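Nothing here was measured: the structure is a model prediction, and the numbers come from that model. Letters A, B, ... mirror the listed sequences (proteins, then strands); counts begin at 1.
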2 protein chains.
Amino acid sequence: MSSVFKALSDPTRRRVLQLLRGGPMTAGDLAQHFDVSKPTMSAHFAVLKEADLVHTERSGKSITYYLKLSVLEEALMGFVHTFGLGSTAEVTSAPVPPGNRKKATST
Amino acid sequence: MSSVFKALSDPTRRRVLQLLRGGPMTAGDLAQHFDVSKPTMSAHFAVLKEADLVHTERSGKSITYYLKLSVLEEALMGFVHTFGLGSTAEVTSAPVPPGNRKKATST
DNA sequence: TCGACAGTTAGCTAACTATCAAAATGAGTC
DNA sequence: GACTCATTTTGATAGTTAGCTAACTGTCGA
């Protein structure tokens, strides 16, 4: 769970996932979209693999990356549901449960 | 966006948010639930504030923390929707969109 | 087997994060 | 004003992360 959020906390990795959402891509194709060295991209891929958000397959010389949407979904939606989100539309503060001190909501 | 995921990547901070989901709490009350020093907790609070996931209010001597559910929701659900999640139930791999190299799915 | 290509690993630096103890701040109380 | 309590800030240390270059591994084609 932590590893998923950690993976998601980097913009480069989020973009990789979004690219992968459009379909599998090789490491090289992915790397082309970014302005960092290949070893750096490889490290990002390793973080994504560690979080189990992608899996890989060799296709000859290249290695193709596949998004594991189900893992992303389980982690994210699981957390979302824990918070009773996903159906709420405009919650401003807390749900104001019983035993709450009333404060002047200046928002 | 990154700051939200970064905040979420720590179990202590996720726990804090879950506690706050049950209603506002003071820093001290929150700290009681964890086995770390108060400065450490304060640092975690700062990360949550930085991500705009909580806001604070002084109530006399104590400082009360409030969960900003809306921010959490926007960040999470925004991302979830970006990935077309939230309605899918059992996606195993990628949605296999058009323009896809076909590979031997060994799974 | 050799050379080219695709990725990863190794080794490093700089920057960041988590943690603590101790000191400082802010807000009530006497 | 001085005292006390709750929380934050400061300063130090240990561990982690992102990034690089250089070197290595594995695969293909000749």
Give A:A27 one of three labels, base, sugar-phosphate or nothing, depending on what nucleic acid heavy atoms sit under 4.0 Å from its own. sugar-phosphate
Would you mind reporting whether A:I63 and A:E57 have side-chain heavy atoms less than 4.5 Å apart? no
Quick one: A:D29 CG to C:dA6 C1', roughly how many Å, whole number? 11 Å
Taking the side chain from B:R21 and the backbone from B:L69, do they hold a donor-acceptor pair closer than 3.5 Å? no
Find every protein N or O atom lying less than 3.5 Å from an N or O atom of nucleotides 14-16 of chain C, and list the pairs.
none

What's the CD-P distance between B:E50 and D:dT8, to the nearest Å? 15 Å
Using a 4.0 Å heavy-atom cut-off to protein, can you give one letter per nucleotide of nucleotides 20-30 of chain C, 5' to 3': B if the base is in contact, S if only the sugar-phosphate is, - if neither? BBB---SSS--
Within the pair B:Y65 and D:dT8, is there a side-chain N or O less than 4.0 Å away from OP1 or OP2? yes
Quick check on DNA chain C: between B:R13 and A:S42, whose nearest nucleotide comes earlier from the 5' end? A:S42
Taking CD in B:Q18 as the centre, count heavy atoms belonging to other residues, nucleotides or ligands within less than 6.0 Å. Is the count above 12? yes
Taking atom P of C:dT9 as reference, at what distance in whole Å does atom CZ of A:F45 sit? 13 Å
Answer whether the closest heavy-atom distance between the side chains of B:V47 and B:D10 falls below 4.5 Å. no
Heavy-atom side-chain proximity of A:V16 to A:H44 below 4.5 angstrom: no
Counterpart residues, ring-ring contact (aromatic ring centres under 6.0 Å, His included), relative to A:F83 (two or more places apart): A:F79
Does one side chain, of B:S59 or B:T64, offer a donor that lies under 3.5 Å from an acceptor on the other? yes
For C:dT17, does OP1 or OP2 lie under 4.0 Å from any side-chain N or O of B:H44? no
CD of B:Q32 versus P of D:dA6: gap in Å, rounded? 10 Å
Check: B:K6 main-chain N/O paired with B:R13 side-chain donor or acceptor under 3.5 Å: yes
Please report the distance, rounded to the nearest Å, between CZ in A:F5 and P in D:dT16. 21 Å
So A:F45 and A:L30, do their side chains get closer than 4.5 Å, heavy atoms only? yes
Counting only side-chain N and O atoms of A:T26, is one of them less than 4.0 Å from OP1 or OP2 of C:dG7? yes
Atom CE of B:M25 to atom P of D:dT7: distance rounded to whole Å? 11 Å
